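As structure tokens, the structure follows; a few thoughts come after it.
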Protein chains: 2
Amino acid sequence: MSLPHMILGILSYRGLSGYDLNKAFQASVQHFWNTEQSQIYRALHKLHEQGWVGIEHVAQEDAPDKKIYHLTEQGRAELHRWIVAPQPIPTLHEGWLGQLFFGAEADVQSLQHLLEERIRVMQALIENYETNVASGGARYAIEFDAADDLAYWMLTLDYGIQKARFDVQWAESAIRTLEQRAKEQGVHEASSHE
Amino acid sequence: MSLPHMILGILSYRGLSGYDLNKAFQASVQHFWNTEQSQIYRALHKLHEQGWVGIEHVAQEDAPDKKIYHLTEQGRAELHRWIVAPQPIPTLHEGWLGQLFFGAEADVQSLQHLLEERIRVMQALIENYETNVASGGARYAIEFDAADDLAYWMLTLDYGIQKARFDVQWAESAIRTLEQRAKEQGVHEASSHE
DNA sequence: AGCGACATGTAAGCGGTTACATGATTCT
DNA sequence: AGAATCATGTAACCGCTTACATGTCGCT
């Protein structure tokens, strides 16, 4: 949807090669946006066609030659336009909600296991956010000389952490709801046998 | 990702034409999964090729002829398999987080407006969930004779509502954080003028 | 005659993933 | 000699969106 603009954002810190851009991507916005390297090159070509980035060819002796991409004036203008432009709110599109939706087709225990697994994954995610991602962000703030930006980076990271915590809590309460339902059904079945 | 399985799920209630399936989609899972009508027909063809749905041609006099799609045994087996199969957790991929991430390129007020707008949209969403979607679900439970399923439907709806509430709360706290920062910066600037 | 509901599709294009493809340099 | 890192891309495929395309029937 807005990958090109994410790239413009990273390049606003400094000009980068596609290779370095990819690494910067993995290290900075990876907690809410993931991309394949191949896509970055294609997006870069498009941004160049559009006149939003310029290319500087750099010959190297100790490594293969490379191309440094940097923002043009139009590119920076487009970035500024985009940053405050209303964004569409995407639908959730989450498979596990579909599983729950059709949960009556499965047995309650399987659904509970599904939710427990989800809790485990989410907790691992939170731990990763709190250790690797946070420190990675701090490192990048120094590398890109972007002290002002760090606070914003941490704000988005905070969203990721809080949202994952919310998911854990919701899953826990859903497990309890299912537990309750299983008990009630048990009672009904028992009484119908009398 | 799992649109075919969402279709299998809906068809597990009863056989439907593509047209009715589309309507059922809009009325039931619309709060976490949206689809275009054209996609449903294509998915249906694929499901048929795979042997997961059968087609029954129905001639009508008071309306155009139609095709009723219904689950085959394999289709039902596949649905049961999928419901308890681990799902990948997609990354957030939300544009507004990108805007915030690169927030240092914009002024604080614009970002606050962005968040306020987000709050408004989310609150409208919540209201819609609580009125239209909830009652629509109840209606469909009767139509599909799916009283057992209703509880699960409401569970996913609850997630949608709680998640939207979480988003509102987070946005409110983010606005306060930005407010704070703007004040501190104001102080710094004022003191640097002395 | 016109509109809304019923009914089924195709075509073009975009964004994204996975896999493939190549080649230099540096370190072990 | 082999592995890791630096560096840049192409090709095939898939899912989804937007727009197009066609036609019936019943009601007003």
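Nothing here was measured: the structure is a model prediction, and the numbers come from that model. Chain A is the first sequence line, chain B the second, and so forth, proteins listed ahead of strands; every chain is numbered from 1.
In this structure, the CG atom of Leu47(B) is 14 Å from the C1' atom of dG15(D), given to the nearest Å. The distance from atom NZ of Lys46(B) to atom P of dC16(D) is 9 Å, rounded to the nearest whole Å. One can place NE2 of His48(A) at 14 Å from P of dT8(D), the figure rounded to the nearest angstrom. When rounded to the nearest whole Å, the span between CG of Asp62(B) and P of dG23(D) equals 21 Å. Summarising the geometry, the separation between CZ on Arg42(B) and C1' on dA12(C) is reported as 11 Å, rounded to the nearest angstrom. Remark: P of dT8(C) and CG of Asp65(B) are 9 Å apart, rounded to the nearest angstrom. For the pair His45(A) NE2 and dG16(C) P, the computed distance is 16 Å after rounding to whole Å. Here dA21(C) presents its C1' atom at 13 Å from OH of Tyr41(A), a figure rounded to the nearest Å.
Taking 4.0 angstrom as the limit, Lys23(B) places a side-chain polar atom (N or O) nearer than this to OP1 or OP2 of dC6(C). Between dA7(D) and Gln60(A), a contact under 4.0 Å exists linking OP1 or OP2 to a side-chain N or O. For dT8(C), neither phosphate oxygen OP1 nor OP2 lies less than 4.0 angstrom from any side-chain nitrogen or oxygen of Tyr19(B).
In this structure, the nucleotide among dG16(C), dT18(C), dT8(C) sitting nearest to the side chain of Glu36(A) is dT18(C). Checking dG16(C), dT24(D), dT8(D) against the side-chain heavy atoms of Pro64(B) singles out dT24(D) as nearest. Residue Ser17(A) has its side chain nearest to dT8(D) when only dT8(C), dT17(C), dT8(D) are considered.
Mapping Gln39(A) and Asp20(B) onto DNA chain C via the closest heavy atom, the residue that lands nearer the 5' end is Asp20(B).
Residue side chain Gln37(A) reaches the base of dT8(D) through a donor-acceptor N/O pair under 3.5 Å, judged by distance alone. Applying the 3.5 Å distance criterion, the base of dT18(D) shares a donor-acceptor pair with the side chain of Ser38(B).
Between the side chains of Glu78(A) and His5(A), at least one donor N or O lies within less than 3.5 Å of an accepting N or O.
Of the residues Leu8(A), Thr156(A), Ile83(A), the one that meets the side chain to side chain contact (heavy atoms under 4.5 Å, CB included) test with Phe102(B) is Ile83(A).
Phe144(B) does not carry Arg139(B) over the face of its six-membered ring by the limits of under 6.0 Å from the centre and within 45° of the normal.
Once rounded to the nearest 0.5 Å, the distance linking CG of Leu100(A) with CD of Glu94(A) reads 11.5 Å.
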Subject >> Stepwise ring pair (Phe, Tyr, Trp, His ring centres under 6.0 Å) check, Tyr13(A) with Trp153(A) >> reply: CA-CA 13 Å; Tyr13(A) 301 136; Trp153(A) 296 6; 5.7 Å; yes

